[in-house]
Amino acid sequence: MKRLSTDRLWAIAVLTPSVILLAVFVYGFIFRTAYTSLTDWGNDPAQAFSLTPIIRFIGLQNYHDLFTSNLNVRFRQDLVSTLFFTVFFIVGCLGLGLSMALLLDRNPKAEGLWRTIFLFPMSLSFIVTGTIWRWMLQPQGGLNQLFHLNPASNGWLTSRDSVWSFDWNKLPLITATIVGLVLLWVAWLAFRDGQRTRTWVALGCAALLLLWALVIGPNVKLLPAPELHGFNIAFIGIIIAAIWQMSGYTMALYLAGLRGIPEELREASRVDGANEWNTYRHVIFPLLAPITLSAMIILGHISLKIFDLVFAMTGPDNGPTDVPALLMYITSFRQNALAVGAAIGTVLLLLVAVIIIPYLFSQFKTQEGHA
Amino acid sequence: MKKSIKNALVITAALGLTAQALAAGKIEIFSWWAGDEGPALAALIKLYETKYPSVKVDNAAVTGGAGTNAKAVLKTRMLGGDPPDSFQAHAGQELTGTWVVANRMEDLSSLYKSEGWSSKFPKAVIDLISYKGGIYSVPVDVHRSNVMWYVPANLKKWGVSAPKTWHDMLTVCTTLKAKGVATPLVMGENWTQQMIWESIATAMLGTKGWNDLWSGNLKFTDPKVVSTFSMYGNILDCANKDASGLSWQQATDRMLAGQAAFNIMGDWAAGYMTTTKKLKPGTDFAWSASPSTNGVFIMLADSFGLPKGVKNRAEVVNWLKVLGSKQGQDAFNPLKGSIAARTDSDLSKYGAYSQSAAKDWKKNTIVGSMVHGAAAPESFTSGFGSVNDDFVSNRDAKAAAQASQDLADKSRIGM
């Protein structure tokens, strides 16, 4: 008993410094940033960098402006861009990583060498990757020269076209419809499993949301005029570079997962008469699901906070390839609007939280389940 | 063992004391002159050190073009209450609109009086760095933003001459396109595009109109300003589509390679072409004021000021005296590729382009550049980058004018 308590004391003594540092430099600063985002710091240039600035609390005004003011079109485009970037980045990394892992899983010659080659890009920093790919994708750079493409029509990073545009004003409508449909699906699942209350609650919520989307949604106007946002073609270059950098990492994850699947399982499925494809589809891929989830979480938060890669590839002043983290930097340190910068930072934090928190939740739940 | 540690401590302390005794003072100079401009700054520092040998100069240069990184570092330091002794800022609104209005700079009027600078610098420059009767910085160099560059041999080959007005430019553009020159005017990334708008706006509004824009007397929504955007849109049709991927040097290269006819760029391009590319001014490349701006000098200048509450105030005042002196400016500018802000500099030290620019500097109407922080505060200039970006994509002159006006209101221009 006594030994245990000295152990505990040691544990506490060793952990305390990092707990304090975390409390101050992570949570304290998060709180400070969140508070700053609710003030008008920087709106008046005379107060922005004054030694004793007068900073007023203005509530959610900055957030309101970001989502609806005429001057913050760029922020809204950045949010849309981030969404598209995240989806393509994750899908690309998972797809490429899984294919590479499946190839390596068949024990090719010089497997170790291939593994190193595939994993190698990850050892570079995004700044280096960005610089290399900027050279390659430049109008008169590597790729266009290599394939004799016309620089005028192949603007990898310089295109100003966008596809899949939608009106920002319709955002409440689109969100409500999507969430409503998801709830309907949840209701269907619950109904199939015979959970009655769950079915009814989900069904009710879905009905409410869809009703709102149909009746009130079309009349909600965030902005006076329609404002189109879509997927900017110039992002393709950045997505290629990002996938090049991170797919080796997903490959390593998947390879570890594949090697962890006991040979008996594959044999059993063969004995049961499954062909190669069905073995993968019904035995191996379901076993890889947790790995896919962890990879998605890690890639997801990287893509949301991405800054250096874009900065290195297209610089801070290129609207078609802007991301919220870059805008936050420019807003705070060039436009001197410190509170607005803090608000953008807080929005980013919330977006990351949307991805991370459910994951943490599910992790704790499974751990409790095992205990 | 313990004794040796003690000895070491004593020696270190003694060394520290002597080092302090040797250097009677120190001064930290904060700038973004780290790359090509490094030697020019070194020449200034050398001059200062020969005049004040007892002062230790700490050259705190932060790399990054146009000070993008340095400005962020500077702002965090100022917010943290640790101002550098003297820091670089573009003369004009970038300094006054950020630091002077926040009451962070000392008034240098008395220095101007004692050094007799009021008659040495042009009045337009002193007006730019003044705020409510005080003068707040010492300009070291001057650059011109409205210069159009071309290769005379290429123009001759194509049978065109350098356009005098923006309407001429459109005509020349059509001619060149008919002869297979896809991009009559080459431009680079965002800020270089804004410089083209700046040239057009100064030309179409006149210098008075341009100044009115920044004093709030002329609204951006005025039809005259809207038409500058329309003209800008027409000019963009003569330019390359992949502009956002080009640095200004790459844009200049295209003009030199004959893939484009004209390039509008500040006069640092002259330094690039003569020093880096070893070209001969006047024959290998030539220049004129950007169309319709003959007689107008759109200027930008680097300047240093005296932040309040610095530790080494006397040393900083001496540093500023060196910066403003004829000797200091003539040591710095020939290396930097700029001209002296003073009108009495020794022109024999400068190259062919700079000599012509210095002549214009004395007799032209001087206005401040918006893109380079002279005419408008940082909050406006930074936001205008997005306005420009939207305009290049959608070419909606009215929307661009309205957005600029919203931005001007938010940046409190004319209030």
Side-chain angles (χ1 to χ4, degrees), chain A residues 41-53 65 69-75 77 134 137-141 144 150-162 225 228 232 234 237 311 313-322 327 329-338 340, chain B residues 65 67-69 71-76 78-79 81 83 93 96-104 182-183 189-191 193-194 240-247 250 253-254 259 308-309 377-383 385-390 392-394 399 402-403 406-407 409-412:
Chain A
W41 192 12
N43 288 359
D44 179 358
Q47 300 301 332
F49 290 103
S50 159
L51 261 185
T52 50
D65 285 353
S69 138
N70 249 343
L71 280 176
N72 291 303
V73 183
R74 188 162 167 184
F75 170 75
Q77 176 59 52
R134 189 186 67 216
L137 297 179
Q138 255 183 16
Q140 278 154 344
N144 282 348
N150 177 12
S153 52
N154 284 286
W156 295 96
L157 298 169
T158 55
S159 166
R160 295 200 157 266
D161 300 329
S162 82
L228 292 179
N232 291 327
F311 195 103
M313 287 185 80
T314 54
D317 289 310
N318 199 13
T321 56
D322 200 32
L327 186 68
Y329 174 76
I330 294 175
T331 312
S332 310
F333 292 114
R334 211 192 288 165
Q335 211 155 336
N336 306 335
L338 298 160
V340 182
Chain B
T68 36
N69 303 330
K71 284 179 206 166
V73 174
L74 175 69
K75 280 165 189 173
T76 46
M78 293 289 267
L79 278 176
Q93 276 295 323
T96 46
T98 305
W99 301 113
V100 178
V101 291
N103 197 23
R104 297 295 292 264
T183 50
E189 54 189 309
N190 198 316
W191 61 269
Q193 302 160 16
Q194 294 177 52
N240 47 325
K241 300 277 172 285
D242 57 358
S244 63
L246 298 184
S247 67
Q250 289 172 317
D253 286 344
R254 277 202 197 173
Q259 291 166 308
K308 283 190 175 173
E378 282 181 307
S379 48
F380 182 90
T381 305
S382 177
S386 307
V387 173
N388 173 69
D389 222 73
D390 288 343
V392 173
S393 294
N394 64 27
Q402 184 60 53
D406 291 349
L407 203 57
D409 291 341
K410 193 154 179 263
S411 316
R412 309 190 182 204

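Order of the sequence lines sets the chain letters (A, B, ...), proteins ahead of strands, with each chain counted from 1.
- No part of A:A337 comes within reach of chain B, as not one of its non-hydrogen atoms sits under 4.5 angstrom from that chain.
- A heavy-atom distance below 4.5 Å is found between the side chains of A:L338 and B:L79.
- Between B:D390 and A:R74, no side-chain nitrogen of the basic residue sits less than 4.0 Å from a carboxylate oxygen of the acidic one, so the salt-bridge criterion is not met.
- For A:P320, the parts sitting under 4.5 Å from any heavy atom of chain B are the backbone and the side chain alike.
- Of the residues considered (B:S411, B:S386, B:P377, B:G385), B:S386 shows the highest number of contacts with chain A, using heavy-atom pairs under 4.5 Å.
- Here the shortest heavy-atom pairing between A:P45 and B:A102 reads O-CB, 4.3 Å.
- Contact of B:E378 with chain A is made through backbone and side chain together, with heavy-atom distances under 4.5 Å.
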side-chain contact (heavy atoms from CB on, under 4.5 Å) between A:T158 and B:S244, intermediate numbers included: CA-CA 6 Å; A:T158 55; B:S244 63; 3.5 Å; yes
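- To the nearest 0.5 Å, the span separating CG on A:L71 from CG on B:L407 amounts to 5.5 Å.
- Of the atoms belonging to B:Q402, not a single heavy atom falls under 4.5 Å from chain A.
- Residue contact with chain A, scored on non-hydrogen atoms closer than 4.5 Å, is absent for B:L74.
- In this structure, the separation between OG1 on B:T98 and CZ on A:R334 is 12.5 Å, given to the nearest 0.5 Å.
- When all heavy atoms of A:R160 and B:D389 are compared, the pair lying nearest together is NH1-O, 3.4 Å.
- Residue B:K410 touches chain A through both its backbone and its side chain, counting heavy-atom pairs closer than 4.5 Å.
- When atom types are taken as modelled, the side chain of A:D317 and the backbone of B:N190 share no donor-acceptor pair closer than 3.5 angstrom.
- A distance of 9.0 Å separates CD of A:Q77 from OG of B:S393, quoted to the nearest 0.5 Å.
- For chain A, the nearby part of B:Q259 is the side chain; its heavy atoms alone come within less than 4.5 Å.
- The backbone N or O of A:F49 sits less than 3.5 Å from a side-chain atom of B:R104, completing a donor-acceptor pair.
- Side-chain contact between B:S382 and A:I330 is present, with heavy atoms from C-beta onward closer than 4.5 Å.
- The contact between B:D406 and chain A is made by backbone and side chain atoms together, counting heavy-atom distances below 4.5 Å.
- Heavy atoms closer than 4.5 Å to chain B are found in both the backbone and the side chain of A:N318.
- Options A:T314, A:T331, A:N43 differ in how many heavy-atom pairs under 4.5 Å they form with chain B, and the most are formed by A:N43.
- Between B:R412 and A:D44, some side-chain heavy-atom pair lies under the 4.5 Å cut-off.
- We find the CG-OH distance between B:N69 and A:Y329 to be 5.0 Å, quoted to the nearest 0.5 Å.
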